[in-house]
Structures are given as structure tokens and as C-alpha cells.
Amino acid sequence: MDGTLPLPVGPGGDDGAPSIVELARAGGLLVTGPSGSGRSAALDAFAHHLRACGAAILRIGVPPVRREGRAAQDAVWLGPADEQGVADWLRRTAGRPAVVVADDVGTPAEWPALNRLPALGAADGVVLLAAGSASSFSAHYQGPIATLRRARSGLLLCPGPGDADLLGVRLPRTPLPVRPGSGWLVTGAAVDRVQVARRHEIHLPRPEGPRQAVQRLGTDEPQRSSSAGPISCRAYQPSS
């Protein structure tokens with residue numbers, strides 16, 4: 001890792017400028033909120049973007065099932081208790097930016113696989129994106145979840161009373177829209193409102209070869225899925 005791994009989260013603040021988290025510096029991002037707040041959708045969008053930027057992606061949790069009945073094939077999937085599997089994956093991805101994406105994280109006893117992660121951040125090239133309830137995250141006093149809590153790196157979606165205590169911050173009194181993906185992005189001492197951007201693929205025909213997948217982000221200027229650059233700042237489209 002070259003010391004940087006920017007993640008555009010979505011439009012934020014009063015002017016709708018893109019909110020970007022430097023994952024290598026923060027070590028990752030915690031995503032929390034109640035059911036229906038868009039936690040899993042946010043993780044999927046983040047993983048999709050980082051994979052397009054060349055990062056190796058490991059998903060920990062229960063893989064979704066496609067309509068044809070096959071598990072998602074866009075990343076390696078491991079169970080929350082597969083410590084050896086995590087160690088083997090880290091060994092195979094040495095030298096590349098490595099992003100571990102953990103969804104619906106439970107208690108430390110239920111998720112021992114996270115204990116196999118090295119120190120988060122640029123030094124070892126490993127970052128963690130984890131989604132779960134505030135109560136589940138609060139049970140982690142050691143390990144990578146606790147590291148991100150101390151770093152105050154989190155996305156609080158549709159937060160309820162007391163959710164900000166997870167990161168030791170006080171949220172502004174500004175009301176938020178009640179919709180999935182809407183919340184507060186906490187990066188250190190900064191707290192900014194944000195709307196997670198939606199990201200999806202379309203396929204455009206090319207005369208010289210097969211159809212190629214590209215990213216469509218709410219503009220008429222598609223971005224190739226293999227691009228290593230960040231999401232276009234003016235290409236955000238709020239998730240719904």
C-alpha cells in the first residue's frame with residue numbers, strides 16, 4: 001500500500017461536496033444503524049468501489065444468494081469463526097491493499113476471525129469495513145473494532161439515542177432525512193452529515209470486442225469498473 005486508500009462515501013455537509021475517508025490513515029470504518037438504515041448496502045457499495053481500485057476484498061459473514069441460487073462471486077467469503085481462512089487469505093494478498101468487509105458483526109465470541117487481522121492501516125496494508133449494531137460494537141473492548149472506535153472512524157446511519165456514544169462524540173442537532181444511507185460521518189474530531197452514494201453497473205457495447213462493464217454514477221459519463229481513480233465528485237446519486 002502506498003499510504004493512501006481514499007473511499008468516497010457520498011455527498012455531505014451543507015454544500016453536498018464529496019465526503020472522503022482516507023482508510024489507510026484511519027484503519028477502516030465502522031458502519032452502524034438500525035435495521036433498514038442501509039448498512040449492508042453501504043458496505044456493498046464501498047467494497048465494489050475499492051475492488052475496482054485494485055484492492056483485494058475479503059467478505060466475512062453470510063454471503064447473499066443471487067436469484068439463480070448461487071452465492072455472490074465478487075469476493076472471497078468466509079465465516080465469522082474461520083480464523084485460519086483469514087490468516088491464509090492475508091498471506092495470499094501480501095503486497096496488495098487488503099480490505100476486510102465484515103457485515104452484521106456480533107460479539108467477539110461470535111466473530112473470532114477478526115482476531116487474525118494485523119494492526120490496521122498503512123503499515124500492514126490492511127483495513128476493515130465493518131457493519132453492525134451499536135450494542136454489538138460496544139462489546140468489543142479489544143481487537144480491530146475497538147481500534148476503530150478509539151480512532152473515531154465511523155458512519156452512523158439513521159442514529160438513535162446513544163449511538164454516538166459508540167465513538168465518544170456528540171452529534172449536531174441538525175435533523176436528518178429519514179431514509180437509508182443518511183447519517184453522520186465521524187472522522188476523528190469531525191462530524192459531518194452525509195448521504196451514502198449509490199453505485200451500479202451498466203454494460204455498453206464496444207464495436208471492437210465484447211460488452212464491457214462500466215460504472216454509472218448518476219451522470220452520462222460512465223467510468224470503467226477497472227479504473228483505479230476515485231469516484232467522480234459530481235457523479236454521486238443518493239441511495240434510496
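Heavy atoms only: backbone and side chains are in, while hydrogens, waters and symmetry mates are out. This is a predicted model, so every value here is computed, not measured.
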Where is the tightest heavy-atom contact between [X] and [Y], given as atom of each residue plus distance?
| X | Y | value |
| --- | --- | --- |
| P11 | G16 | CB-O, 3.4 Å |
| L43 | A131 | CD1-CB, 3.5 Å |
| W184 | L171 | CD1-CD1, 3.8 Å |
| P34 | C158 | CD-O, 3.3 Å |
| G28 | S153 | O-OG, 2.6 Å |
| S138 | L166 | OG-CD1, 3.7 Å |

Check: What's the verdict on side chain to side chain contact (heavy atoms under 4.5 Å, CB included) for L114 and V105, showing C-alpha distance, side-chain angles and the deciding distance?
Finding: CA-CA 10 Å; L114 296 180; V105 174; 4.3 Å; yes

Sub-3.5 Å donor-acceptor pair from the side chain of [X] to the main-chain atoms of [Y], do we have one?
| X | Y | result |
| --- | --- | --- |
| S136 | T107 | no |
| R39 | D104 | no |
| D124 | V126 | no |
| Q195 | P180 | yes |
| R96 | G54 | yes |
| S19 | V9 | no |
| S182 | R179 | no |
| D163 | G160 | yes |

Could you give the distance from [atom1] ([X]) to [atom2] ([Y]), rounded to the nearest 0.5 Å?
| X | Y | atom1 | atom2 | answer |
| --- | --- | --- | --- | --- |
| I57 | W89 | CD1 | CH2 | 7.0 Å |
| L78 | R59 | CG | CZ | 12.0 Å |
| L23 | F46 | CG | CZ | 9.0 Å |
| L30 | L148 | CG | CG | 4.5 Å |
| D192 | L155 | CG | CG | 11.5 Å |
| L129 | L58 | CG | CG | 11.5 Å |

Within a strict 4.5 Å, meaning less than it, do heavy atoms of the [X] and [Y] side chains meet?
| X | Y | answer |
| --- | --- | --- |
| L156 | T32 | yes |
| E110 | P80 | no |
| L5 | V99 | yes |
| L185 | L29 | yes |

Next item on the list: Check the pair D82 / Q84 against side chain to side chain contact (heavy atoms under 4.5 Å, CB included), numbers first and verdict last.
Entry: CA-CA 6 Å; D82 193 350; Q84 187 59 50; 4.3 Å; yes

Check: Are the charged groups of R116 and D88 less than 4.0 angstrom apart, N to O?
Finding: no

Note to self: Pair L157, V196 - check side chain to side chain contact (heavy atoms under 4.5 Å, CB included), show working.
What the structure shows: CA-CA 9 Å; L157 299 176; V196 177; 4.2 Å; yes

Next item on the list: Output, in order, the C-alpha distance, side-chain angles, deciding distance and verdict of side chain to side chain contact (heavy atoms under 4.5 Å, CB included) for L128 and T147.
Entry: CA-CA 10 Å; L128 172 65; T147 297; over 6 Å; no

